Amino acid sequence: MSFPEDDIPFPGDLPGTSPVRSDAAPLAASGGLAARAMAARGAAAQPDYLRGLNPEQAEAVQAIDGPVLVLAGAGTGKTRVLTTRIAHILNLGLAYPSQIFAVTFTNKAAREMKERIALLVGGAVEGMPWLGTFHSIGVKFLRRHAELVGLRSDFTILDTDDVVRLIKQLIQAEGIDDKRWPARQFASMIDGWKNKGLAPADIPEGDSRAFANGKGRALFAAYQARLQTLNACDFGDLLCHPIRMFRNHPDVLKEYQRKFRFLLVDEYQDTNTAQYMLLRLLAQRPAAEDGDTGRRENAPNICCVGDDDQSIYGWRGAEVENILRFDRDFPGAKVVRLERNYRSSEHILGAAGHLISHNEGRLGKTLFTDRRDPDDDRVQVHAAWDSEEEARAVGEEIEQLQRRDVRLNDMAILVRASFQMREFEERFVTLGLNYRVIGGPRFYERQEIRDAMAYFRVVCQPADDLAFGRIVNVPKRGLGEASVRLLHDHARADDKPMLAAAQDLVGTDELKPRARKSLSDVTEQFARWQGLLETMPGHELAEVILEESGYTEMWQNDRSADAPSRLENLKELIETISGFESLRAFLEHVALVMDVDTNADMDAVSLMTLHSAKGLEFDTVFLPGWEEGLFPHQRALDEGGRSGLEEERRLAYVGLTRAKRRCHIWFVSNRRIHGLWQSTIPSRFLDELPEDHVEVAETDGQYGGYASYGRGQSGGPYGASRFDRAEPFAGNYQSPGWRRAQQNATSATRENWGTRSGHAVERVAYGESGPRARTIEGELVARSTTDVPSSFSVGDRVFHLKFGNGNIAAIDGNKLTIDFDKAGQKRVLDGFVEPV
DNA sequence: CTTAGCGGCCTTTTT
DNA sequence: GGCCGCTAAG
């Protein structure tokens, strides 16, 4: 096997570095690596790029021989270590750029790493084809060796949407009720299996039984078979196929093991089992051929960087275990801890560190900083009456900072769930405040974009039935369900793609003349476009396709409000394609990189989820929505139990550690969830913050007076719980809803509560809030009483804490529709109103 | 075959 | 509150 990219030589002299062994050619496969590295290290003065590293960082960079685990806390210069390490390897001439295997978890991280390496080694980074996400590297393996796993190298990568549609077809074909057994659910089961590297034959019997009365395994197998005939892969396959390929073809694996002289893994705590298996395969050293069996010589040069405290992707199969187990997986591993933080103030670190210390099973790191500025603010906790006021107050705070010349680019709002964003967006629009949503509704998930891409996909890959099925009748061509079904049946009978079957079908008289004409027209068009594929530039062809197919016209004729913006998006799509070599190259890019660059030059507040904030930092960070049920999220608790809670806590830790100087946490006492208003209580995480580094922000009451609400007897300035000062909740605890919830609380919830050691004690010690808080666990209970008929009747006069007095207009289970005197008609849970 | 209107559904995080 | 998909009517 040959690797063409290995021919690209690496320029020995690095810009801005002293010429260390610039004559060193990459070594032959048979080792001697350690010795030469040592020699190189000893022989020359420290290159520039090593200066300015602290001792631990330098150690991590220079320990290039054998396995290394770098436990890098938030803001300790993790990326710097990785990129410098790569530069170091290149500079010592220990490998060609193409012989370095470097994986990151997200596209963003890969991009950033590329940029930063480029700063160190210049254009050489272009010769690093194996720097990317696991998935993009998986694709690279597969394109080269597709035939080894039964694919052709022009296979399509399906996204979640395609997958769900395909599964739905299969479920229906099996005669299974797709209402009872939703395709979406099965798709996520498959995803889970593939994250573990399991094929249909490998899945546990119980898993198979768990779907459609035991048809799980058969469906999974049918799905895989279908992918095969479609010449397609889903996301999981991008990892599983390479694993299978390497296992079945040791010769191929061996070539890659030889090739990759250095392996680097970013965010190791986020790797799932499949990714781990792939790494293990690549990290095995081929047996030494010169008889040298010295262990260090054969130990893989693998360097994993991660932080167990920032593992937040357990829900999608990440195994923190991978990082906790590293030294057993790679015997003799060197472990380097980076604990010196360069990002955050002492208060922020103190708050974050204390919070995360509530987790068990950590490798344990304590971040420290030399930075001690008496002017640094403590972490501030604010209370608001409801989410609207929360958004208003945050907006106000932002404007104040703006007046103090803090740039909007230096501020971010990090939410737990994306639905929280809307309220902030609305507020910012009315304020005229620039904001940018990161990772929000994705460009490539929009309908018009997906339609357009479906056209492109069929042109590039005629066997892509899913894409074809999506657009045969878009715009409307009179090819309705009946015609498509007929076409589909033909395709299956002849075992050929639908497009090919269509060509046959138009030669018969099975279709009505009208449909036949349309179908024949489309197939001819596709044939024509395919002919242009090699000659016409991608973006021109794309434009031609959208024009000739009538797709653009369809939106031009559409009078709905969002039609113009859809046309705008299509334009942008064409624009983007022009930056690519070909339509094919573009499709590949999109399949892997679902996000699109946001214009960074605008000064704007960033709005994103906590998950997408990992790896970023901001001067000022706002963390709204710290309420039980939302954060920690109820579902994480329900499904993940204790480990779910710990993951939520890590998420909080990630949020806090994004902040450099200022961090504002908010919680509200009323939030609308699923269109219903619910009372909420402060997150337990608030109580896990250390007093020394946190202060409860005083409010001036200008935001609609929650502060005046039920300010309690207990609430002296420093009495009881620290959050008593945010006493609106005392009012809530006395609301009929809580009283009822308390009565309904099941023993299960109480036990649940009891398991949270320390916490309950703290609450109880504070008296009143203890038992009340327990009922808050009853928030769930309040929700689960849906089938209990409401004790109210239509016409009753009731009082609601947020909306005041009103009359019940309608009752649906425990959901009341109420005409409020002042607030208008609202839907609320009956637990939150009381008769007047 | 298409469209409009209605009902039932969900609603964490993402490569 | 919004989306999807179904149904009934054109």
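To find a chain, count down the sequence lines: A is the first, B the second, and so on, and within it residues start at 1. All of these numbers come straight from a predicted model, not from anything done at the bench.
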**Q** Drop me the distance from A:E267's CD to A:I312's CD1, to the nearest 0.5 angstrom.
**A** 8.5 Å
**Q** Can a side chain N or O of A:R635 be found less than 4.0 Å away from OP1 or OP2 on B:dT12?
**A** yes
**Q** A:R422 side chain: which of B:dT14, B:dT12, C:dG2 is closest?
**A** C:dG2
**Q** Rounded to whole angstrom, note down the P distance from C:dC4 over to B:dT13.
**A** 16 Å
**Q** Can you list every salt bridge (Lys or Arg N to Asp or Glu O under 4.0 Å) pair that touches residues 665-679 of chain A, not counting sequence neighbours?
**A** A:E390-A:R671, A:E627-A:R671
**Q** Hey, what are the protein-to-nucleotides 6-10 of chain C N/O distances that come in under 3.5 Å?
**A**
none

**Q** Under 6.0 Å between ring centres: does that hold for A:F186 and A:W181?
**A** no
**Q** Listed by chain and number, what are the salt bridge (Lys or Arg N to Asp or Glu O under 4.0 Å) partners of A:K512, not counting sequence neighbours?
**A** none
**Q** Taking for each residue the nucleotide of DNA chain B with the nearest heavy atom, is it A:A515 or A:E647 whose nucleotide lies nearer the 5' end?
**A** A:A515
**Q** Which residues satisfy the ring-ring contact (aromatic ring centres under 6.0 Å, His included) test with A:Y653, sequence neighbours excluded?
**A** none
**Q** Rounded to whole angstrom units, what separation is found between the CZ atom of A:R184 and the P atom of B:dT12?
**A** 11 Å
**Q** Using whole Å, what does the distance between atom C1' of nucleotide C:dG1 and atom CD of A:Q420 come to?
**A** 16 Å
**Q** Of the nucleotides B:dT12, C:dG2, B:dT15, which has the atom closest to the A:F235 side chain?
**A** B:dT15
**Q** Could you check A:E639 against A:S483 and say which one's nearest nucleotide on DNA chain B is further toward the 5' end?
**A** A:S483
**Q** Is it the case that the side chains of A:D234 and A:Y223 hold a donor-acceptor pair, with the cut-off being a distance below 3.5 Å and no angle test?
**A** yes
**Q** With the stacking rule set at 5.5 Å and 30°, tell me whether A:H611 counts as stacking on B:dT12.
**A** no
**Q** Within this structure, what is the CZ-to-P distance between A:R650 and B:dT13, rounded to whole angstrom?
**A** 18 Å
**Q** Short question: side chain of A:K108, backbone of A:S612 - any donor-acceptor pair under 3.5 Å?
**A** yes
**Q** Name all residues meeting the side-chain hydrogen bond (donor to acceptor under 3.5 Å, both in side chains) criterion together with A:E319; count only those two or more places apart in sequence or in a different chain, and write none if there are none.
**A** none
**Q** Determine the contact category for A:F134: base if any of its heavy atoms lies under 4.0 Å from a base atom, sugar-phosphate if only primed atoms, P, OP1 or OP2 are that close, otherwise nothing.
**A** nothing
**Q** Regarding A:R316 and the six-membered ring of A:Y313, is the cationic atom NZ or CZ under 6.0 Å from the ring centre and inside 45° of its axis?
**A** yes
**Q** Could you tell me how far apart A:R165 (CZ) and C:dC4 (P) are, to the nearest whole angstrom?
**A** 12 Å
**Q** Return the polar atom pairs (N/O with N/O) between nucleotides 2-9 of chain B and the protein under 3.5 Å, or none.
**A**
residue, atom, partner, partner atom, Å
B:dT2, OP1, A:N473, ND2, 3.3
B:dT2, OP1, A:G478, N, 3.2

**Q** Is the NZ or CZ atom of A:R143 both under 6.0 Å from the centre of the six-membered ring of A:F155 and within 45° of that ring's axis?
**A** yes
**Q** In whole angstrom, what separates A:Q447's CD from C:dC4's C1'?
**A** 12 Å
**Q** Is the phosphate of B:dT14, meaning OP1 or OP2, less than 4.0 Å from a side-chain N or O of A:T609?
**A** yes
**Q** Starting from P on B:dT14, measure out to OH on A:Y313 and report it in whole angstrom.
**A** 6 Å
**Q** A:R672 has a side chain; which of B:dC1, C:dG1, B:dT12 sits nearest to it?
**A** C:dG1
**Q** B:dT11 C1' sits how many Å from A:R671 CZ, rounded?
**A** 14 Å
**Q** B:dT12, B:dC1, B:dT14: which one has an atom nearest the side-chain heavy atoms of A:A482?
**A** B:dC1
**Q** Which whole-number value in Å describes the distance from A:K108 NZ to B:dT15 P?
**A** 9 Å
